Amino acid sequence: MRIGGLALENFRNVERAELEFSDTFNLFTGDNAQGKTNLVEAIHLFSLGRSFRTRRPSEMIRFGEEFFRLEMTGRSDGGVSFRLGLGLERGGALRATVNGKQLGQLSGMIGLVPSVVFTPDDVSLAAGPPADRRLYLDFTGVQVSPPFLGDLSDFRRTLRHRNALLRDVAAGTGRADAIETWNETFAATGAAVARGRREVARGIEEIARELFAEFLPGGELGVEYRCPWDPGGDGGAAALADALARCSETERRRGVSLAGPQYDDLSVTVDGRDLRRYGSQGRRRLAAIVLKLAQASLIMSRRGERPVVLLDDIFSELDRGTIGRARALLTDRWQSFITTPREEDFPRETGGGSRFVVEAGCIAGAFPADGARTVRGG
């Protein structure tokens with residue numbers, strides 16, 4: 001996948017801009033709080049139809065305006081050109097178009113632009129709460145296996161219904177036998193999600209181990225899917241049904257489902273040590289970056305389509321040698337979009353690519369290696 005250009009109007013602090021991108025790397029530099037991350041967010045919005053920064057789409061509309069519009073052009077690795085649009089009016093719903101035709105549902109855009117995004121908060125992949133690692137597995141699964149999105153949606157819907165019934169039982173206003181009608185569906189959909197996540201984790205582990213060794217020769221990164229309701233098996237429906245039976249009385253007292261993939265986790269270790277308990281902030285950041293790059297490699301191998309890689313402030317807390325190895329990986333394998341307050345993180349002698357300077361939402365002085373102007377608007 002290669003993104004050729006992006007047009008923005010009233011998006012965050014950008015009034016209007018039209019950008020053309022390099023096929024290798026695209027560097028956004030400038031002081032903090034100037035709008036670099038807004039550009040990464042705009043690109044990523046085309047992958048899932050939702051922001052990685054907010055659950056309120058209206059927050060992406062420029063202050064004082066009533067709408068935003070985005071348009072992206074590009075081509076697939078197979079040579080198919082595309083033109084995608086996203087728009088939002090204040091008080092309305094986000095709308096998407098593909099080659100000028102409006103989509104009936106925003107979910108139809110998922111997977112059209114495979115991408116991987118790294119933000120400073122993604123250090124939590126190594127040391128944060130399990131929910132962050134489950135989201136990482138789910139986002140990967142959706143991009144490498146279209147049926148996984150259906151499995152995940154079915155499970156989440158079933159979980160909501162089952163928890164609502166359990167709350168009623170705990171409050172004395174519901175019937176316990178009503179829960180039984182959902183157990184079979186819950187076990188089947190939960191097992192499907194666990195299988196999908198486990199398959200993703202196995203693919204990630206193999207790639208991440210090799211990538212980590214490139215960054216830190218002699219270091220060993222371990223990745224393992226943990227399924228507490230079936231620690232010794234493959235997370236089948238029968239195992240989940242048995243786990244539900246064992247905790248049924250407690251569930252009815254507490255009013256919540258106590259077994260299932262909503263409690264699963266991904267164990268991340270370096271040299272056998274759990275990064276949630278051991279390891280410096282720099283080591284955790286390195287592990288998180290490797291997990292993101294492994295995600296990109298897995299998407300590429302499973303789909304036969306290279307994702308775009310979006311890296312927001314990737315280089316902080318990394319030593320110069322690690323930064324150099326990261327640059328080599330990024331420029332060799334994927335089209336990447338990188339934000340940093342320090343242009344020296346990507347020295348001019350790196351060659352190629354496009355460089356953009358962002359100041360108060362204005363994208364100025366943006367030129368590729370050949371000197372051609374690549375920005376209109378500001």
Side-chain angles (χ1 to χ4, degrees), residues 3 5-19 21 28 30-74 82-122 124 128-129 131-132 134-136 138-139 142-143 149 152-153 156-157 160 308 310-313 337 339 356 358-363 375-378:
I3 298 173
L6 178 70
L8 308 92
E9 184 177 4
N10 296 333
F11 186 82
R12 295 286 190 179
N13 68 342
V14 179
E15 181 179 2
R16 185 176 288 106
E18 296 180 25
L19 314 179
F21 297 128
F28 301 106
D31 293 337
N32 291 328
Q34 300 301 303
K36 301 186 299 296
T37 300
N38 296 343
L39 300 173
V40 170
E41 179 185 29
I43 295 170
H44 185 260
L45 198 58
F46 285 92
S47 288
L48 287 184
R50 63 183 178 88
S51 169
F52 61 82
R53 301 169 73 189
T54 179
R55 294 188 177 185
R56 297 179 179 179
S58 62
E59 293 181 0
M60 295 181 284
I61 299 176
R62 190 168 185 261
F63 182 76
E65 302 293 343
E66 295 300 315
F67 70 93
F68 79 71
R69 292 194 185 99
L70 301 172
E71 184 172 285
M72 174 186 288
T73 58
F82 61 82
R83 177 168 53 90
L84 307 177
L86 283 171
L88 177 69
E89 295 183 359
R90 199 174 293 279
L94 195 62
R95 297 183 178 276
T97 60
V98 177
N99 297 326
K101 297 182 179 180
Q102 185 167 308
L103 293 178
Q105 293 184 329
L106 199 60
S107 61
M109 181 166 280
I110 295 175
L112 293 180
V113 181
S115 73
V116 168
V117 60
F118 176 88
T119 73
D121 290 341
D122 285 322
S124 64
D132 292 342
R134 289 194 294 268
L135 185 61
Y136 164 79
D138 291 345
F139 179 59
V142 164
Q143 297 206 70
L149 176 60
L152 189 62
S153 298
R156 287 175 173 172
R157 182 171 57 252
R160 286 194 300 271
V308 296
L310 311 168
L311 303 167
D312 186 28
D313 198 14
F337 298 82
T339 76
F356 302 80
V358 184
E359 183 177 358
C362 295
I363 305 130
V375 162
R376 294 185 295 276

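From a predicted model like this one, the values you see are computed outputs, not experimental measurements. Note: hydrogens, waters and symmetry copies are ignored here, and every other heavy atom, side chains too, is used. Here, residue 1 is the first one in the sequence, and each next residue gets the next number.
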Do [X] and [Y] have side chains that get closer than 4.5 Å, going by heavy atoms?
| X | Y | value |
| --- | --- | --- |
| Leu311 | Val116 | no |
| Arg62 | Val14 | no |
| Met72 | Arg83 | no |

Please check this pair: side chain of [X] against backbone of [Y], looking for a donor-acceptor N/O pair closer than 3.5 Å.
| X | Y | answer |
| --- | --- | --- |
| Arg69 | Leu88 | no |
| Lys36 | Glu359 | no |
| Glu41 | Ser51 | no |
| Gln34 | Ala360 | yes |
| Ser47 | Val113 | yes |

Please find the pair of heavy atoms, one from [X] and one from [Y], that lie closest to each other, and give the distance.
| X | Y | value |
| --- | --- | --- |
| Met109 | Ala96 | CE-CB, 3.4 Å |
| Pro120 | Asp312 | CD-O, 3.4 Å |
| Leu310 | His44 | CD1-CB, 3.5 Å |
| Pro114 | Leu112 | CD-O, 3.5 Å |
| Asp121 | Ser124 | O-OG, 2.9 Å |
| Leu6 | Ala42 | CD2-CB, 4.2 Å |

Polar contact flag, side-chain donor to acceptor under 3.5 angstrom, [X]-[Y]:
| X | Y | value |
| --- | --- | --- |
| Asp313 | Thr339 | no |
| Thr54 | Glu59 | yes |
| Arg16 | Asn10 | no |

### side-chain contact (heavy atoms from CB on, under 4.5 Å) evaluation trace for Asn99 with Phe82
CA-CA 6 Å; Asn99 297 326; Phe82 61 82; 4.1 Å; yes

Give, for atom [atom1] of [X] and atom [atom2] of [Y], the distance between the pair rounded to the nearest 0.5 Å.
| X | Y | atom1 | atom2 | answer |
| --- | --- | --- | --- | --- |
| Asp132 | Asp122 | CG | CG | 8.0 Å |
| Leu45 | Phe11 | CG | CZ | 5.5 Å |
| Ser115 | Leu48 | OG | CG | 6.5 Å |
| Leu106 | Leu86 | CG | CG | 7.0 Å |
| Ile3 | Thr73 | CD1 | OG1 | 9.0 Å |
| Phe67 | Glu89 | CZ | CD | 8.5 Å |

### Message
Could you walk me through whether Thr97 and Leu103 satisfy the side-chain contact (heavy atoms from CB on, under 4.5 Å) test, starting with their C-alpha distance in whole Å, then the side-chain angles of each, then the deciding distance to 0.1 Å, before giving a yes or no?
### Response
CA-CA 6 Å; Thr97 60; Leu103 293 178; over 6 Å; no

### Query
Crowded around Glu9 CD? As in, over 12 foreign heavy atoms under 6.0 Å?
yes

### Task
Using a cut-off of 6.0 Å, state whether more than 12 heavy atoms not belonging to Arg134 lie near its atom CZ.
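Correct, the count exceeds 12.
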
### Task
Describe, in one word, how the ring planes of Phe28 and Phe21 are oriented to each other, choosing from parallel (under 30°), tilted (30 to 60°) and perpendicular (over 60°).
perpendicular

### Task
Verify side-chain contact (heavy atoms from CB on, under 4.5 Å) between Val40 and Phe118, making sure each step is shown before the conclusion.
CA-CA 10 Å; Val40 170; Phe118 176 88; over 6 Å; no

### Message
Determine whether Leu84 and Leu70 satisfy the following criterion, side-chain contact (heavy atoms from CB on, under 4.5 Å), listing intermediate values before the conclusion.
### Response
CA-CA 8 Å; Leu84 307 177; Leu70 301 172; over 6 Å; no

### Message
Taking Asp138 first and then Arg156, would you say they form a salt bridge - that is, a charged N and a carboxylate O separated by under 4.0 Å?
### Response
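Yes, this pair counts.
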
### Task
With Arg50 as the cation and Phe52 as the aromatic partner, state whether NZ or CZ is under 6.0 Å from the six-membered ring centre and within 45° of the axis.
no

